[in-house]
Number of protein chains: 2
Amino acid sequence: MRISDVARHAGVSPSTVSYVLSGKRTISAATRARVLKSIEVLGYQPHAGARALASNRANVIALVLPLRPGIHVPVAMQFAVSVVTSARDREHDVLLLTQAEGEGGLRRVAGTSMVDGIIVMDVELNDARVPTLRTLGHPSVLIGVPADSHGLTCVDLDFDAAGRICVAHLAHLGHREVALIGQPPSVYRRRTGFAERTIAGFEDEARERGVRPLVVPCEAAPAQVAAAVGALLRDHPGVSGIVVHNEPAVAPLLDALRAAGRDVPGDVSVVAIGPDELATESVPPLTSVTLPTEEMGGRAVALLMDKLADADTPEITLIQPRLVPRASTAARPALP
Amino acid sequence: MRISDVARHAGVSPSTVSYVLSGKRTISAATRARVLKSIEVLGYQPHAGARALASNRANVIALVLPLRPGIHVPVAMQFAVSVVTSARDREHDVLLLTQAEGEGGLRRVAGTSMVDGIIVMDVELNDARVPTLRTLGHPSVLIGVPADSHGLTCVDLDFDAAGRICVAHLAHLGHREVALIGQPPSVYRRRTGFAERTIAGFEDEARERGVRPLVVPCEAAPAQVAAAVGALLRDHPGVSGIVVHNEPAVAPLLDALRAAGRDVPGDVSVVAIGPDELATESVPPLTSVTLPTEEMGGRAVALLMDKLADADTPEITLIQPRLVPRASTAARPALP
DNA sequence: CACGTTCGTCGAAGCGCTTCGATCGCGTCG
DNA sequence: CGACGCGATCGAAGCGCTTCGACGAACGTG
């Protein structure tokens with residue numbers, strides 16, 4: 001079943017069928033209808049490889065999955081799904097690469113023209129893949145912002161603003177001492193933008209508002225969260241507001257507070273940074289700053305398509321965080 | 001940079017270069033070396049589309065991600081990663097399809113020759129995609145076994161045996177009444193093989209050993225797990241052994257037992273069915289039946305490659321479960 | 001009314017690779 | 001010693017599509 005079969009069936013030339021399909025030249029309504037009919041009747045599907053060869057476009061983009069320790073898998077999956085969905089909406093498919101394939105993988109899929117562009121998730125501040133992406137000659141979009149974003153296209157939540165907005169919310173409620181339960185130390189060690197920027201925003205806003213900030217990196221395992229919370233309550237009894245930027249630590253954190261006899265939000269207010277489900281499915285539902293995975297994935301794809309169409313794109317696209325108040329934050333309790 | 005450039009540089013014909021690359025004809029060691037050198041020097045990478053067109057092989061397989069409610073995302077991700085890794089080991093890439101694309105997506109990627117074969121995860125007993133796969137004319141491998149597996153190739157853990165082995169282990173330790181904390185009701189409602197087969201094995205083995213079985217489908221939310229455990233302990237005080245076949249319910253289950261003052265394994269023994277990390281990261285580490293995601297993914301890819309090479313493959317490949325004793329099971333406590 | 005446009009369509013030339021049959025030496029066997 | 005076989009290599013014909021230039025017809029326009 002080839003394009004020439006369709007052409008014969010419709011009584012036109014193969015090129016006409018091609019133009020009907022691509023819309024790159026005007027075709028009379030009557031002819032178009034006839035061709036489309038034939039395509040439907042014959043169940044014609046163009047050969048992807050032939051297309052890619054002739055048009056120099058594979059209609060496929062690559063997505064690099066992040067799989068290092070510390071990554072919250074459901075969030076990564078949400079990104080992946082939103083990228084696939086957005087790509088499909090634009091007639092593109094998605095080729096999956098693992099982190100393990102590394103820069104060689106990027107060079108391979110780009111060099112063989114398997115893909116037209118690349119989306120890289122979980123970009124570190126000093127990401128080894130960035131130089132490769134720069135020299136690749138294939139368009140790419142990063143989710144996350146490296147230290148030097150020159151010549152790149154990056155999408156991210158504005159984590160600095162996210163950190164700030166959390167502190168602002170707590171300060172507004174009267175809290176004078178706030179803690180940030182952060183990512184595991186390993187995440188800071190490999191210098192991840194979203195982690196550092198959240199801290200920066202958290203601390204800056206606290207300073208500006210005369211609030212005392214405290215940053216506590218934290219492993220996600222329940223026991224370690226419990227230990228961290230125990231230490232926090234003991235050593236810093238004045239802390240009445242907590243920001244959590246560590247998805248899997250959220251449930252253990254709430255457990256630990258409960259176990260310590262602290263009511264949320266009666267004694268302690270908690271703000272989470274993470275996907276909505278995380279916040280709504282907790283008990284109590286958490287005031288949170290949304291991690292808009294769908295919007296970010298969609299935006300990344302949109303930017304990549306712009307680059308494929310030779311439009312120029314902003315170097316950095318920061319999505320503004322929104323804080324949704326729920327049941328986990330309240331005014332600071334009066335001092336005893 | 002094309003194959004003819006390499007040919008010129010090495011002083012041979014393009015076909016010779018092609019044969020060096022594919023190994024489909026014998027090439028003298030000297031020539032091969034010269035060609036390989038040229039390839040390296042020039043940094044030649046063959047054009048994937050041209051290759052696919054000429055050879056009728058894309059060297060890509062499709063993977064359909066499961067994303068329905070009730071799916072444990074980290075497990076799905078483990079499968080995906082193991083499929084990608086195994087595929088890469090065999091010179092293939094992986095195209096990601098979402099469940100949402102449905103059967104149309106399967107027809108599209110097969111019909112356009114984007115992929116050479118398809119791996120479908122999370123197959124239901126009456127999966128709507130099965131008839132499509134049968135008529136597709138493209139090889140496919142299912143992870144999971146549908147009710148009618150005629151003419152298909154399926155890989156799965158032997159969940160019936162998994163259910164049995166758990167009961168056998170508990171019975172061996174002297175437990176006379178055992179409960180299965182199962183999947184959420186919605187999973188049974190859509191008739192999922194792994195869920196039903198585990199129950200079947202669980203009940204059959206119990207019957208054969210004269211043990212009283214009890215099956216409790218269970219939502220994974222902590223509150224619901226707690227409620228289910230509460231009811232279980234109240235209405236069936238004789239239950240001293242619990243099998244959990246529901247990853248996200250494991251932690252809440254242990255919490256609920258602790259809250260009810262039951263020691264594990266002192267008062268109640270617990271066996272989990274799931275990935276190893278789930279078992280080793282719990283407190284106490286759980287006796288468990290491993291869900292060998294890596295082996296299953298690898299096997300699925302291997303079977304698909306066999307089909308691509310026209311070898312015939314068994315309809316059903318069941319992987320035998322292994323029970324690893326850890327700290328959560330012990331002999332039944334003496335009756336008071 | 002002749003000429004220039006525009007519109008719709010066609011034909012042919014690739015895109016870069018694989019593969020089949022043919023060719024060319026060269027060693028070997030009868 | 002000629003025919004034969006075999007290993008190594010080449011040339012050319014596609015694979016199925018897109019796209020460019022060309023062409024005829026229809027349609028204004030001066």
Side-chain angles (χ1 to χ4, degrees), chain A residues 1-39 42-60 91 93 108-116 308, chain B residues 1-39 42-60 91 93 108-116 308:
Chain A
M1 174 59 47
R2 300 165 321 190
I3 200 171
S4 58
D5 298 323
V6 176
R8 196 171 318 115
H9 186 271
V12 298
S13 77
S15 50
T16 300
V17 176
S18 177
Y19 286 123
V20 166
L21 250 20
S22 69
K24 293 192 178 174
R25 285 202 182 170
T26 52
I27 297 288
S28 69
T31 306
R32 186 204 322 293
R34 209 147 26 93
V35 169
L36 290 175
K37 182 90 196 179
S38 297
I39 287 175
L42 300 179
Y44 168 71
Q45 301 189 268
H47 187 288
R51 228 170 204 202
L53 178 57
S55 68
N56 206 22
R57 270 275 201 286
N59 280 277
V60 177
E91 310 275 74
D93 276 279
R108 183 173 56 81
V109 296
T112 59
S113 297
M114 292 199 92
V115 305
D116 303 323
L308 287 174
Chain B
M1 173 59 46
R2 299 164 320 186
I3 200 171
S4 58
D5 298 324
V6 175
R8 195 171 317 117
H9 186 271
V12 298
S13 78
S15 51
T16 301
V17 176
S18 177
Y19 286 123
V20 166
L21 251 18
S22 70
K24 293 193 178 174
R25 285 202 182 172
T26 52
I27 298 289
S28 70
T31 306
R32 188 204 322 293
R34 209 148 26 93
V35 169
L36 290 175
K37 182 90 196 179
S38 297
I39 287 175
L42 300 178
Y44 168 70
Q45 300 190 271
H47 188 287
R51 228 169 205 204
L53 177 58
S55 69
N56 206 22
R57 270 274 201 288
N59 281 278
V60 177
E91 309 276 74
D93 276 279
R108 183 173 57 80
V109 295
T112 59
S113 297
M114 291 198 93
V115 305
D116 303 322
L308 287 175

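Every chain is numbered from 1 and lettered A, B, ... according to where its sequence line falls, protein lines coming before strand lines.
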Do any of residues 52-60 of chain B sit with a heavy atom less than 4.0 Å from DNA chain D, and if so which?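 Those residues are B:L53, B:A54.
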Using a 4.5 Å cut-off on heavy atoms from C-beta on, say whether the side chain of [Y] contacts that of [X].
| X | Y | answer |
| --- | --- | --- |
| A:H9 | A:L42 | yes |
| B:L21 | B:I39 | yes |
| A:V12 | A:V20 | no |

Residue pair B:L53 / A:A50: nearest heavy atoms and the distance that separates them: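 Between these two residues, the closest heavy atoms are CD1-CB, 3.6 Å.
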Over all atoms of both residues, closest heavy-atom pair of A:A52 and A:A58: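 Between these two residues, the closest heavy atoms are CB-CA, 4.0 Å.
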Checking side-chain contact (heavy atoms from CB on, under 4.5 Å) for the pair A:D93/B:M114: CA distance, chi angles, key distance, verdict? CA-CA 10 Å; A:D93 276 279; B:M114 291 198 93; 3.5 Å; yes
With sequence neighbours left out, what residues match A:R34 under side chain to side chain donor-acceptor pair (under 3.5 Å)?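 Side chain to side chain donor-acceptor pair (under 3.5 Å) list for A:R34, sorted by chain: empty.
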Which pairs count as side-chain hydrogen bond (donor to acceptor under 3.5 Å, both in side chains) when at least one residue sits in residues 16-27 of chain B, sequence neighbours excluded?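 Residue pairs passing side-chain hydrogen bond (donor to acceptor under 3.5 Å, both in side chains), neighbours aside: B:S13-B:T16.
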How bent is the helix from C:dC1-D:dG30 to C:dG30-D:dC1, measuring the angle between the end axes built from five pairs each, rounded to 10°?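 Inter-axis angle at the ends, rounded: 50°.
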For C:dT18 and B:K24 - does any side-chain N or O of the residue sit under 4.0 Å from the phosphate oxygens OP1/OP2?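 Looking at the OP1 and OP2 atoms of C:dT18, neither is under 4.0 Å from any side-chain N or O of B:K24.
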Contact under 4.0 Å: A:R2 side-chain N or O vs D:dG16 OP1/OP2: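 Yes, such a contact exists.
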In whole Å, I'd like the distance from the [atom1] atom of [X] to the [atom2] atom of [N].
| X | N | atom1 | atom2 | result |
| --- | --- | --- | --- | --- |
| B:I3 | C:dC15 | CD1 | P | 15 Å |
| A:R51 | C:dC17 | CZ | C1' | 20 Å |
| A:M114 | C:dC17 | CE | P | 14 Å |
| A:L21 | D:dC17 | CG | P | 9 Å |

Short side-chain to backbone donor-acceptor contact, A:R51 and B:T112, under 3.5 Å: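 Side chain of A:R51 to backbone of B:T112, a donor-acceptor pair under 3.5 Å: no, none is there.
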Step-by-step side-chain hydrogen bond (donor to acceptor under 3.5 Å, both in side chains) determination, A:S4 to A:R2: CA-CA 5 Å; A:S4 58; A:R2 300 165 321 190; 3.3 Å; yes
Sugar-phosphate atoms are those with a prime plus P, OP1 and OP2; base atoms are the rest. Using that split, label each nucleotide of nucleotides 6-12 of chain D B, S or - for protein heavy atoms under 4.0 Å, 5' to 3'. --SBBB-
For residues 3-19 of chain A, which residue pairs qualify under salt bridge (charged side-chain N to carboxylate O under 4.0 Å, His left out), counting only residues two or more places apart or in two chains?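 Residue pairs passing salt bridge (charged side-chain N to carboxylate O under 4.0 Å, His left out), neighbours aside: A:D5-A:R8.
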